[in-house]
Amino acid sequence: MSDLGSEELEEEGENDLGEYEGERNEAGERHGHGKARLPNGDIYEGNYEHGKRHGQGIYKFKNGARYIGEYVRNQKHGQGTFIYPDGSRYEGEWADDLRHGHGMYYYINNDTYTGEWFAHQRHGQGTYFYAETGSKYVGTWVNGQQEGAAELIHLNHRYQGKFLNKNPVGPGKYVFDIGCEQHGEYRLTDVERGEEEEEEETLITVIPKWKATKITELALWTPTLPQEQPAADRPGQEEAPGAEGGGEMVEEVQPLTDVSEGELESTRPGDEEGDASREDREEFQYDSLDQGNISFEEEEGRQSELLE
């Protein structure tokens with residue numbers, strides 16, 4: 001179900017309260033524990049205070065949706081779980097009838113979002129898991145969109161950089177499990193629709209394109225990490241104490257272009273540097289991210305070429 005939530009679902013009206021069985025106060029108001037059947041077919045069972053749903057309760061909508069949690073003066077407020085008619089559900093904090101605070105949303109395609117919410121939208125720090133591909137976005141959100149510093153983690157590599165309106169933008173890097181990093185930049189490219197849609201207003205589609213610049217050894221994911229010197233320029237790398245008896249030459253360190261699988265901690269390159277160095281300037285097409293179903297097949301296939 002969409003993130004619009006339950007505001008379109010009817011709740012108990014002020015003037016027509018339907019049937020009620022339960023406790024009342026001296027003024028005849030619903031007060032304490034009770035059960036109400038509303039004229040629209042919805043059912044509420046839980047606590048009341050001065051005629052309002054207040055405290056713990058269960059609200060069952062006639063369309064199959066239901067809310068189990070806390071109320072404050074007829075509004076969902078506090079901890080609660082909302083199960084939508086399509087089977088998706090939200091578990092977490094509410095404020096003034098809206099998802100607000102920390103919570104987890106389970107989508108019908110088995111995707112999940114865990115993190116902060118603001119006024120019914122994903123907002124703040126959060127993690128979105130894509131069930132189909134096993135990938136996940138870990139980073140910041142603004143008004144429901146992926147925006148800010150984040151890490152997009154795939155099965156055998158990850159992308160670290162910034163996002164804007166669900167798209168990666170600016171400098172970033174791909175980190176591969178075989179033990180190397182590809183640095184580069186995402187540049188936004190405008191693409192117009194074809195002539196077949198002349199009758200409609202011309203729309204511009206923004207597509208981010210990846211421009212690779214270099215491949216290096218692994219580095220810590222730390223924003224303040226100083227830039228490392230090339231391996232050949234480091235002090236102490238040109239000469240090394242000779243073995244007993246002297247005269248033994250030290251192996252020369254070559255510039256790093258790739259690292260063989262299984263040697264993640266090694267600072268020396270492997271012998272298989274050809275494939276990565278030939279493709280380090282290849283452009284990649286990055287598909288825009290979606291809130292629900294999203295395919296990383298094209299992007300994953302291109303990244304896999306680097307690993308072969």
Side-chain angles (χ1 to χ4, degrees), residues 1-14 36 38 40-49 52-132 135-152 162-169 288-294:
M1 188 173 185
S2 70
D3 283 351
L4 295 178
S6 63
E7 61 269 17
E8 74 275 6
L9 304 177
E10 292 186 31
E11 293 197 7
E12 182 175 351
E14 291 289 335
L38 283 66
N40 64 359
D42 294 351
I43 297 175
Y44 172 77
E45 183 173 2
N47 292 327
Y48 284 88
E49 186 174 285
K52 305 279 189 180
R53 296 187 296 275
H54 192 94
Q56 194 73 20
I58 300 175
Y59 194 106
K60 297 179 181 179
F61 298 86
K62 63 180 179 181
N63 63 0
R66 63 185 183 274
Y67 171 78
I68 306 165
E70 297 176 295
Y71 280 93
V72 173
R73 297 183 61 82
N74 266 2
Q75 291 188 322
K76 296 181 284 292
H77 195 99
Q79 291 289 331
T81 297
F82 198 104
I83 303 173
Y84 295 89
D86 61 4
S88 62
R89 74 183 188 276
Y90 170 79
E91 299 176 358
E93 296 178 303
W94 296 78
D96 300 326
D97 241 12
L98 301 174
R99 295 188 291 270
H100 191 95
H102 188 274
M104 186 169 185
Y105 199 111
Y106 300 83
Y107 297 88
I108 57 175
N109 62 353
N110 294 321
D111 289 359
T112 61
Y113 170 79
T114 305
E116 298 300 317
W117 297 79
F118 181 85
H120 229 45
Q121 291 186 317
R122 298 183 291 266
H123 189 93
Q125 193 72 17
T127 298
Y128 193 104
F129 174 74
Y130 299 90
E132 183 178 359
S135 303
K136 62 182 177 180
Y137 172 95
V138 182
T140 55
W141 299 72
V142 177
N143 296 326
Q145 302 294 333
Q146 298 164 346
E147 185 170 321
E151 194 172 19
L152 189 59
K162 290 186 177 180
F163 287 75
L164 179 64
N165 295 328
K166 302 187 298 181
N167 292 322
V169 294
S288 298
L289 299 175
D290 236 43
Q291 290 184 4
N293 291 312
I294 185 167

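All residue numbers refer to positions in the sequence shown, counting from 1.
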Okay, side chain of His123, backbone of Trp117: is any donor-acceptor separation there less than 3.5 Å?
-> no
So do His54 and Arg73 actually touch side chain to side chain, heavy atoms under 4.5 Å?
-> yes
Counting only N and O atoms by type, is there a donor-acceptor contact under 3.5 Å from the side chain of Asp111 to the main-chain atoms of Ala131?
-> yes
Kindly compute the distance separating NZ (Lys136) from CG (Leu152), expressed to the nearest 0.5 Å.
-> 11.0 Å
Got a donor-acceptor contact below 3.5 angstrom from the Gln145 side chain to the Asn165 backbone?
-> no
Side chains of Tyr106 and Ser88: does their closest heavy-atom pair fall under 4.5 Å?
-> no
Check whether any side-chain N or O of Glu93 sits under 3.5 Å from a backbone N or O of His102 as a donor-acceptor pair, and report yes or no.
-> yes
What closest approach, in Å, do Tyr44 and Gly57 show between heavy atoms, and which atom pair accounts for it?
-> OH-CA, 3.6 Å
When rounded to the nearest 0.5 Å, the distance separating CZ of Arg122 from CZ of Arg99 is 9.0 Å
ring-ring contact (aromatic ring centres under 6.0 Å, His included) partner of Phe82, the single match among Tyr59, Tyr105, Phe61 = Phe61
Nearest 0.5 Å please: distance from the CG atom of Asp96 over to the NE2 atom of His120.
-> 12.0 Å
Tested for ring-ring contact (aromatic ring centres under 6.0 Å, His included) against Tyr107, the lone hit among Tyr128, Tyr84, Tyr90 is Tyr128
Atom CD in Glu132, atom CG in Asn109: separation rounded to 0.5 Å?
-> 8.0 Å
Here the pair of heavy atoms bringing Lys60 nearest to Arg66 is CA-CB, 4.1 Å
Quick one: closest heavy-atom pair of Gly139 and Ala150, and the distance?
-> CA-CB, 3.7 Å
Where do Lys76 and Tyr71 land on the side chain to side chain contact (heavy atoms under 4.5 Å, CB included) test, with the steps shown first?
-> CA-CA 5 Å; Lys76 296 181 284 292; Tyr71 280 93; 3.9 Å; yes
I would like to know whether Asn47 and Arg53 meet side chain to side chain contact (heavy atoms under 4.5 Å, CB included); could you show each step before the answer?
-> CA-CA 6 Å; Asn47 292 327; Arg53 296 187 296 275; over 6 Å; no
Could you go through the salt bridge (Lys or Arg N to Asp or Glu O under 4.0 Å) check for Asp42 and Lys62 one step at a time?
-> CA-CA 5 Å; Asp42 294 351; Lys62 63 180 179 181; over 6 Å; no
Compare every heavy atom of Gln79 with every heavy atom of Trp94, then report the nearest pair and how far apart it is.
-> CD1-C, 4.4 Å
How many angstroms lie between atom CG of Asn74 and atom CD of Glu49, to the nearest 0.5 angstrom?
-> 11.5 Å
With under 30° as parallel and over 60° as perpendicular, where do the rings of Tyr137 and Trp141 fit, or are they tilted in between?
-> perpendicular
Does any N or O in the side chain of Thr140 come within less than 3.5 Å of the main-chain N or O of Glu147, such that one atom is a donor and the other an acceptor?
-> yes
Roughly how far, to the nearest 0.5 Å, is CG of Asn110 from OH of Tyr130?
-> 15.0 Å
CZ of Phe118: more than 12 outside heavy atoms within 6.0 angstrom?
-> no
